[in-house]
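The analysis underlying the following values was restricted to heavy atoms, covering all of them including side chains, and did not include hydrogens, waters or symmetry mates. Proteins get letters first, then strands, A, B, ... in listed order; numbering begins at 1 in each. As the structure is a computational prediction, the values presented were derived from the model and not from experiment.
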There are 2 protein chains.
Amino acid sequence: MDSQDNGSRSPRKARGRPRDWEDKTAQNTIKSLDRAMEVFEFLSERQGMALSTISDEMGQSPSTVYRVLVTLEGRGLVEFDAEEQLWHIGARAFTIGARFLRRTSLVDRARPVMRRLMEATGETANLGVEKEGQVLFLSQVETHANIRAFFPPGTLSAMHASGIGKALLAQMDEDRLSRRLEGGLQSFTPRTITDRIALQEDLARIRARGYSVDDEERNLGMRCIAAPVFDAAGEALAGISVSGPTSRVTADALDRLSRPVIEAARTLTEAIGGQVTRQP
Amino acid sequence: MDSQDNGSRSPRKARGRPRDWEDKTAQNTIKSLDRAMEVFEFLSERQGMALSTISDEMGQSPSTVYRVLVTLEGRGLVEFDAEEQLWHIGARAFTIGARFLRRTSLVDRARPVMRRLMEATGETANLGVEKEGQVLFLSQVETHANIRAFFPPGTLSAMHASGIGKALLAQMDEDRLSRRLEGGLQSFTPRTITDRIALQEDLARIRARGYSVDDEERNLGMRCIAAPVFDAAGEALAGISVSGPTSRVTADALDRLSRPVIEAARTLTEAIGGQVTRQP
DNA sequence: TTTGTATTTTTCATATTGTGAATTCGGATT
DNA sequence: AATCCGAATTCACAATATGAAAAATACAAA
């Protein structure tokens, strides 16, 4: 009877000291637990390790590492392959970790990242995914500037003439790419890339430098810089971008603007539990 | 010289004391770590809990729970929603847990097969294995349809009430089957098979036609068609399935849908170097 | 077979460090 | 303003995590 009020009293806003101070006195962490989690993380990075390998490379005593592993094994977070005498991440770790997704909506996670991106660059930040061969804009954070690129959420746009679209195309293998492009490349402005070869050269450049540029290819007077966001399987599932008038998004500004975009994409990738596996 | 020999010396069979005694002296676990992991698991079960809720329901002191959470937060295993002052499972827990899948290349190999299966049938494709007497869903490729069966990866489900589960059960010999079923057959819907004899008849039918059908046995309104995937030793180690609403997955559609499922299972079996040896 | 070597478990003495009661703190409620 | 509530912190104490070393085991070599 000390429990059934789970949420019924609806503590929408919590009382108590707010923990926004970030880290100030991060001295109230549990050291042994932290070290144990270090082992856990380390094991996840290179699975199938022997006890001695782990303890050697982590500089910890075998005894300690052993006890950590046995303890985690007891909860299924770690598994021991009795045949090969090697340690692995356990199935329960997968089950527990997967519950993270129940709460994670890409759009929610992206909002703070996009706000920071907008503040860092001063330009409107956008988030988009692929939807039936087109780019669907999901969300945006508008710049404070008076002249601004406006791209209402819900808009659909051709992939080959969009920063986010090209960032996503650049991550596709030859097979999927071909299917996306078999409808031909519609022209929107004089600068739209309509030639398949030219597009593939651009995609190669995008892969090499890590970001794409829409240089008035969809709307005259508007440039856009985008980078891909990856899911857990290492597939590009979204793109994040900044867009603005050519007057501010100049060739000189590319370097200054692209860095925060790439950084934002990386941050968002981490925030949704994604990782970059392939580098095509 | 303490690192680069990772596996090169090929200790196929390890030395040292073999740990097959199972648990005998399970007293060399770390108590505080075990308690901390208990908090971690508990949080994953009901996300979005306040500190006091956790400590109350677990019967632990708030201080301890707090420190555990802060420590795990430091590694991203747990997240704190500053707005609502609630604790959640973190992105890194997901990332680490997802690495469980890397242990075999099964998931990687399965992805293209599943994508093709989804496109051929129009329904969500799933991959699952047996884990401790239950079906663990590893991966899925979602359909584009608006009404879709949603079965998040990481979910555990009873074998006798799952398409993949029954496909795996159908490949077991009498001995293993008995052990799996000695816990009884829990009922989930009016259509769940709860009678041992009826189940064995269904398993015989599954073996005969090569695929299993979950006909609203776990969730009303949802049907599922599955087939087994075999490893090199000819043992069924996974199942591949499509699942969808009863409105689309009708009795008439069974033939049209089962063919691609069987084909996908065969393709995946080949892709992982497996083969079908026994036909029990 | 016997001996040697590598690796994993266990033991044990030690002090590091995790623990909960009590306190402080800051917002929410009145 | 005053009061209440739950989150964050402190502190004194002993529970318990720790690593060195020894034991146990399997494989390799002699």
Side-chain angles (χ1 to χ4, degrees), chain A residues 2 5-7 9-39 49-74 80-87, chain B residues 1-2 5-39 49-74 80-87:
Chain A
D2 49 37
D5 60 345
N6 50 329
R9 249 186 295 162
S10 73
R12 286 160 307 175
K13 280 292 181 180
R15 334 284 185 69
R17 168 174 293 194
R19 37 195 319 289
D20 43 1
W21 32 249
E22 277 310 321
D23 55 4
K24 268 186 184 172
T25 43
Q27 257 59 19
N28 42 8
T29 63
I30 302 174
K31 288 192 189 176
S32 72
L33 174 57
D34 197 56
R35 281 192 290 253
M37 292 299 97
E38 199 182 339
V39 172
M49 296 170 93
L51 170 63
S52 56
T53 312
I54 301 173
S55 64
D56 283 357
E57 298 199 17
M58 293 193 66
Q60 299 222 12
S61 89
S63 329
T64 302
V65 173
Y66 173 72
R67 278 181 299 240
V68 168
L69 291 173
V70 168
T71 306
L72 295 178
E73 184 191 27
F80 183 74
D81 185 326
E83 192 152 336
E84 302 207 319
Q85 301 274 116
L86 297 177
W87 295 89
Chain B
M1 56 184 43
D2 49 38
D5 60 345
N6 50 329
S8 63
R9 249 186 294 161
S10 74
R12 284 160 306 174
K13 279 293 180 178
R15 335 283 185 71
R17 169 174 294 195
R19 33 196 319 288
D20 44 1
W21 31 252
E22 275 313 317
D23 56 4
K24 268 185 184 172
T25 42
Q27 256 58 18
N28 42 7
T29 62
I30 302 173
K31 287 192 189 176
S32 72
L33 174 57
D34 197 56
R35 281 192 291 252
M37 292 299 95
E38 199 182 339
V39 172
M49 297 171 94
L51 171 63
S52 56
T53 311
I54 301 173
S55 63
D56 283 357
E57 299 201 16
M58 294 193 66
Q60 298 223 10
S61 90
S63 331
T64 302
V65 174
Y66 174 73
R67 279 180 298 239
V68 168
L69 291 173
V70 169
T71 306
L72 295 179
E73 185 191 26
F80 183 74
D81 185 325
E83 193 151 335
E84 302 208 317
Q85 300 274 116
L86 297 177
W87 295 89

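The side chain of B:Ser63 sits closest to C:dA21 out of C:dA21, D:dA7, C:dT9. When each of D:dA8, C:dT8, C:dG20 is scored by its nearest atom to the side-chain atoms of B:Leu51, the top-ranked nucleotide is D:dA8.
Rounded to whole Å, the distance from CH2 on A:Trp87 to C1' on C:dT9 is 11 Å. Straight-line distance from the CD atom of A:Gln85 to the C1' atom of C:dT9: 11 Å, rounded to whole Å. Distance CE (B:Met49) to C1' (D:dG6): 16 Å, rounded to an integer number of Å. Between B:Ile54 atom CD1 and D:dA8 atom P there is a gap of 11 Å when expressed in whole angstrom units. Nucleotide D:dG6 holds its C1' atom 11 Å from the CZ atom of B:Phe80, rounded to whole Å. A straight line from CG of B:Leu69 to P of D:dA8 spans 10 Å, rounded to a whole angstrom. Distance B:Leu72 CG to C:dG18 P: 13 Å, rounded to the nearest Å. Going from atom OH of B:Tyr66 over to atom C1' of C:dC25 covers 12 Å, rounded to whole Å.
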Check: protein-nucleotides 15-18 of chain D nitrogen or oxygen pairs below 3.5 Å:
unit_1	atom_1	unit_2	atom_2	d
D:dA17	OP1	B:Ser32	N	2.9
D:dA17	OP1	B:Ser32	OG	3.4
D:dA17	OP2	B:Lys31	N	3.0

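A distance-only check finds no donor-acceptor pair linking the side chain of A:Thr53 to the backbone of A:Met49 [under 3.5 Å]. Between the side chain of B:Thr71 and the main chain of A:Leu33, no donor-acceptor pair closer than 3.5 Å is present.
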*Please lay out, stage by stage, how A:Ser52 and A:Ser55 fare under the test side-chain hydrogen bond (donor to acceptor under 3.5 Å, both in side chains).*
CA-CA 5 Å; A:Ser52 56; A:Ser55 64; 5.8 Å; no

*asked:* Assess the residue pair A:Lys31 and A:Asp34 against the criterion (side chain to side chain contact (heavy atoms under 4.5 Å, CB included)); give the C-alpha distance rounded to whole Å, side-chain angles, the decisive distance to 0.1 Å, and a yes or no.
replied: CA-CA 5 Å; A:Lys31 288 192 189 176; A:Asp34 197 56; 5.7 Å; no

*How far apart are the C-alpha atoms of B:Met37 and A:Leu72, what are their side-chain angles, what is the distance that settles it, and do they pass the side chain to side chain contact (heavy atoms under 4.5 Å, CB included) test?*
CA-CA 8 Å; B:Met37 292 299 95; A:Leu72 295 178; 3.7 Å; yes

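In this structure, A:Phe80 and A:Trp87 have tilted ring planes: the angle between them lies in the 30° to 60° band.
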